[in-house]
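A short write-up of the structure that comes next.
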Protein chains: 2
Amino acid sequence: MNDALDNTFAALSDPTRRAILSMLLEDDMAVTDVAEPFEMSLAAISKHLTILTRAGLITQEKRGRVKWCKLEPGALKDTSIWMQGFGQFEAVNLDAFEKFLKSEFGES
Amino acid sequence: MNDALDNTFAALSDPTRRAILSMLLEDDMAVTDVAEPFEMSLAAISKHLTILTRAGLITQEKRGRVKWCKLEPGALKDTSIWMQGFGQFEAVNLDAFEKFLKSEFGES
DNA sequence: ATATTCGTCAACCGTTTGGTTAAGTGTTTT
DNA sequence: AAAACACTTAACCAAACGGTTGACGAATAT
């Protein structure tokens with residue numbers, strides 16, 4: 001459980017991975033399409049996606065030969081709770097975010 | 001500026017450093033006192049404090065031979081802004097936190 | 001003056017990270 | 001059946017990380 005927090009913060013500490021998460025905010029994407037804007041190999045992006053998956057920030061589902069990457073914002077919950085305890089901050093509004101996603105993309 | 005976000009998230013990814021921040025939430029502390037509860041060398045803690053300082057999460061002020069460590073919650077602002085952009089989350093309430101700190105410890 | 005305390009710095013060590021290229025595994029297309 | 005596509009894995013590399021011990025500088029206490 002402490003490990004989860006480690007993994008999440010570590011995953012967020014890399015600019016490439018944060019950029020990937022921002023891209024996935026707009027829509028689910030195939031690995032190749034995720035890699036396209038970056039000036040690094042597909043293998044490197046694949047590793048970044050593994051790290052994001054391990055942190056629970058995304059999930060990946062293979063359909064045919066294409067592996068789709070999907071944002072999992074719920075993984076930010078624990079980091080939010082920690083920040084809340086740290087600074088008496090308000091919790092991030094996760095329910096509102098999920099509603100936002102559903103209304104935007106009709107996800108279940 | 002992107003680097004700052006890198007540094008902050010990376011600093012938060014280590015459990016020892018998060019524990020240090022929690023300790024400093026209660027009061028300013030000398031380096032030796034910060035190190036006391038941990039089963040590692042003073043030099044190791046000193047390094048952790050350097051990383052927290054580089055991330056802007058704490059400041060250190062030397063008075064006499066004692067170096068005092070002080071929490072700087074404002075450094076969480078950028079991470080908060082990023083999370084906000086990422087998930088349409090509410091911004092963390094930084095003003096409220098500063099008021100909380102002042103009322104609690106009378107800091108200026 | 002001397003000893004002690006506070007803390008950093010330097011050198012070292014093993015592991016992890018972020019990248020590479022090359023090969024390999026499935027899946028789809030032709 | 002063969003070629004192209006979508007990805008992962010393996011082997012490798014340099015740099016950063018997290019820790020150690022030992023020496024050191026500066027401030028304080030005896």
Side-chain angles (χ1 to χ4, degrees), chain A residues 2-24 27-72 75 79, chain B residues 2-24 27-72:
Chain A
N2 225 345
D3 273 358
L5 216 46
D6 293 4
N7 285 338
T8 306
F9 278 126
L12 294 176
S13 74
D14 184 272
T16 301
R17 289 192 291 265
R18 288 197 305 274
I20 291 173
L21 291 176
S22 294
M23 291 163 59
L24 290 177
D27 208 349
D28 296 356
M29 295 179 79
V31 172
T32 304
D33 294 335
V34 168
E36 196 272 332
F38 296 98
E39 289 181 344
M40 79 182 65
S41 69
L42 183 62
I45 295 295
S46 180
K47 283 189 185 181
H48 281 304
L49 292 172
T50 299
I51 290 170
L52 288 170
T53 300
R54 190 181 55 191
L57 288 163
I58 67 169
T59 49
Q60 292 178 286
E61 182 196 354
K62 197 169 184 179
R63 286 203 295 272
R65 67 179 165 182
V66 174
K67 205 168 182 181
W68 293 92
C69 305
K70 176 188 170 70
L71 198 61
E72 294 292 341
T79 73
Chain B
N2 224 344
D3 273 357
L5 215 45
D6 293 4
N7 286 338
T8 306
F9 278 127
L12 293 176
S13 74
D14 184 90
T16 300
R17 289 192 290 263
R18 289 197 305 274
I20 291 173
L21 292 175
S22 294
M23 290 162 59
L24 290 177
D27 207 349
D28 295 358
M29 294 179 78
V31 172
T32 304
D33 293 335
V34 168
E36 196 273 331
F38 297 98
E39 289 181 344
M40 80 182 63
S41 69
L42 183 62
I45 295 295
S46 181
K47 282 190 186 181
H48 281 304
L49 292 172
T50 299
I51 291 169
L52 288 171
T53 300
R54 190 181 55 192
L57 288 162
I58 67 169
T59 50
Q60 293 178 284
E61 183 196 354
K62 197 168 184 179
R63 287 203 295 271
R65 67 180 166 183
V66 174
K67 204 168 184 182
W68 294 93
C69 305
K70 176 187 170 70
L71 198 61
E72 294 292 343

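Order of the sequence lines sets the chain letters (A, B, ...), proteins ahead of strands, with each chain counted from 1. What you see is a predicted model, and the numbers here were worked out from it, not measured in a lab.
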Task: Residues which pass side chain to side chain donor-acceptor pair (under 3.5 Å) with B:Gln60, listed by chain and number, not counting sequence neighbours - done: B:Thr53
Open item on the list: Closest-nucleotide mapping onto DNA chain D: is A:Lys47 or A:Lys67 further toward the 5' terminus? I mean the 5' end.
Closed with: A:Lys67
Pairs under 3.5 angstrom only: tabulate donor-acceptor contacts from the side chains of residues 37-50 of chain A to other protein residues two or more places apart or in another chain.
from    : atom 1 : to      : atom 2 : distance (Å)
A:Ser41 : OG     : A:Ala44 : N      : 3.1
A:His48 : ND1    : A:Arg17 : NH1    : 3.1
A:Thr50 : OG1    : A:Ser46 : O      : 3.0

Open item on the list: Applying a 4.0 Å non-hydrogen cut-off, can you work out what B:Ala30 is touching in the nucleic acid: base, sugar-phosphate, or nothing?
Closed with: sugar-phosphate
Task: Sequence-distant partners of A:Glu36, side chain to side chain donor-acceptor pair (under 3.5 Å), two or more places apart - done: none
- [ ] Check each residue of residues 48-55 of chain B for a non-hydrogen atom within less than 4.0 Å of any atom in DNA chain D, then write out the ones that pass by number, or none.
- [x] B:His48, B:Ile51
Task: Residue pairs passing the salt bridge (Lys or Arg N to Asp or Glu O under 4.0 Å) test where at least one lies in residues 56-68 of chain A, sequence neighbours excluded - done: A:Glu61-A:Arg63
For nucleotides 23-28 of chain D, tabulate all protein N/O to nucleotide N/O atom pairs closer than 3.5 Å, reporting atom names and distance.
from   : atom 1 : to      : atom 2 : distance (Å)
D:dA27 : O3'    : B:Arg65 : N      : 3.4

Task: Listed partners of A:Thr32 passing side-chain contact (heavy atoms from CB on, under 4.5 Å), at least two apart - done: none
Task: Of the listed nucleotides C:dA11, C:dC9, C:dT20, the one nearest the side chain of A:Ala44 - done: C:dT20
- [ ] Please name all residues satisfying side-chain contact (heavy atoms from CB on, under 4.5 Å) with A:Arg54, sequence neighbours left out, ordered by chain then number.
- [x] A:Asn7, A:Ile51
Open item on the list: Among residues 31-40 of chain A, which ones have heavy-atom contacts with DNA chain C below 4.0 Å?
Closed with: A:Met40
